[in-house]
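Everything on this sheet refers to the single structure shown next.
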Amino acid sequence: QVQLVESGGGLVQAGGSLRLSCAASGRTFSNNAMGWFRQAPGKEREIVAGISRDNDTYYGDSVKGRFTISRDNAKNTVHLQMNSLKPEDTAVYYCAGDLTWRPRGRIPTHVLEYGLWGQGTQVTVSS
């Protein structure tokens, strides 16, 4: 069974840091893009960061300079380092795997471009 499992969410004060991890099992994602999305109550799911199969990265405007996405292909994992967290970062964070082969450097940014999702992990930032 192919699945993605997130970990590392929790409660943190504004200005703090968290590191999310996403472990893939059942298939390798070393040749596919991976992404992190988030969804706050009453809002649409939005992309936070993405990483291409050759490690190009993309960040949403609201997290640029604060979040860093990385991948460890040997462990079939992707991470999201979140620094300088703000209350508006509070959301459920989802790991997503792109099941489509794409040209080098191509990073999907839309929800519909990802074919596999984790169950989500809650991140709450208190003011």
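D56 has its side chain within reach of I107: a pair of non-hydrogen atoms, C-beta onward, lies under 4.5 Å apart. The shortest side-chain heavy-atom distance between T121 and L20 falls under the 4.5 Å cut-off. Side-chain contact between Y94 and R45 is present, with at least one heavy-atom pair separated by less than 4.5 Å. Looking at heavy atoms from C-beta onward, V111 lies out of side-chain contact with E113 at the 4.5 angstrom threshold. Side chains of L116 and L99 form a contact here, defined as non-hydrogen atoms less than 4.5 Å apart. For the pair C22 and W36, the minimum side-chain heavy-atom distance is below 4.5 Å. Residues M34 and I51 form a side-chain contact, since some pair of their non-hydrogen atoms from C-beta on lies under 4.5 Å apart.
Taken to the nearest 0.5 Å, the OG1 atom of T68 stands 6.5 Å off from the CG atom of N83. In this structure, OG on S25 lies 8.0 Å from CG on N76, to the nearest 0.5 angstrom. To the nearest 0.5 Å, atoms OG1 (T100) and CZ (R106) are separated by 10.0 Å. Atom OG1 of T124 is separated from atom CD of Q13 by 13.0 Å, given to the nearest 0.5 angstrom. Separating the CG atom in L80 from the CZ atom in F67 is a distance of 6.0 Å, to the nearest 0.5 Å.
The minimum heavy-atom distance between A40 and T90, with the atom names listed, is CB-O, 3.8 Å. The minimum heavy-atom distance linking A14 with S127 is given by the pair CB-CA, 4.4 Å. Residues A91 and R38 share a closest heavy-atom pair of CB-CB, 3.8 Å. Closest non-hydrogen pair, R102 versus R53, comes out as O-NE, 2.9 Å.
In summary, of the residues considered (L4, D98, V78, N73), a side-chain contact (heavy atoms from CB on, under 4.5 Å) with F29 occurs for L4 alone. A side-chain contact (heavy atoms from CB on, under 4.5 Å) with M82 is found for exactly one of V63, V48, D89, V123, namely V123.
Under the 4.5 Å side-chain heavy-atom criterion for Ile, Leu, Val, Met, Phe, Trp and Tyr, Y93 and Y59 are members of the same hydrophobic cluster. Tracing side-chain contacts under 4.5 Å through hydrophobic residues (I, L, V, M, F, W, Y), one never reaches V12 starting from V92; they form parts of separate clusters. In the hydrophobic clustering of ILVMFWY residues, with side-chain heavy atoms under 4.5 Å counting as a link, I69 and W117 come out apart.
Side chain of E6 to main chain of Q119: a donor-acceptor pair is present (N/O by atom type, distance under 3.5 Å, no hydrogens or angles). Put simply, the side chain of R66 gets close to the backbone of S62: a donor and an acceptor are under 3.5 Å apart.
Looking at S21 and H79, their side chains do bring a donor and an acceptor atom within 3.5 Å of each other. Between the side chains of D72 and T77, no donor N or O sits under 3.5 Å from an acceptor N or O.
Relative orientation of the Y114 and F37 rings is perpendicular, given thresholds of 30° and 60° on the angle between their planes.
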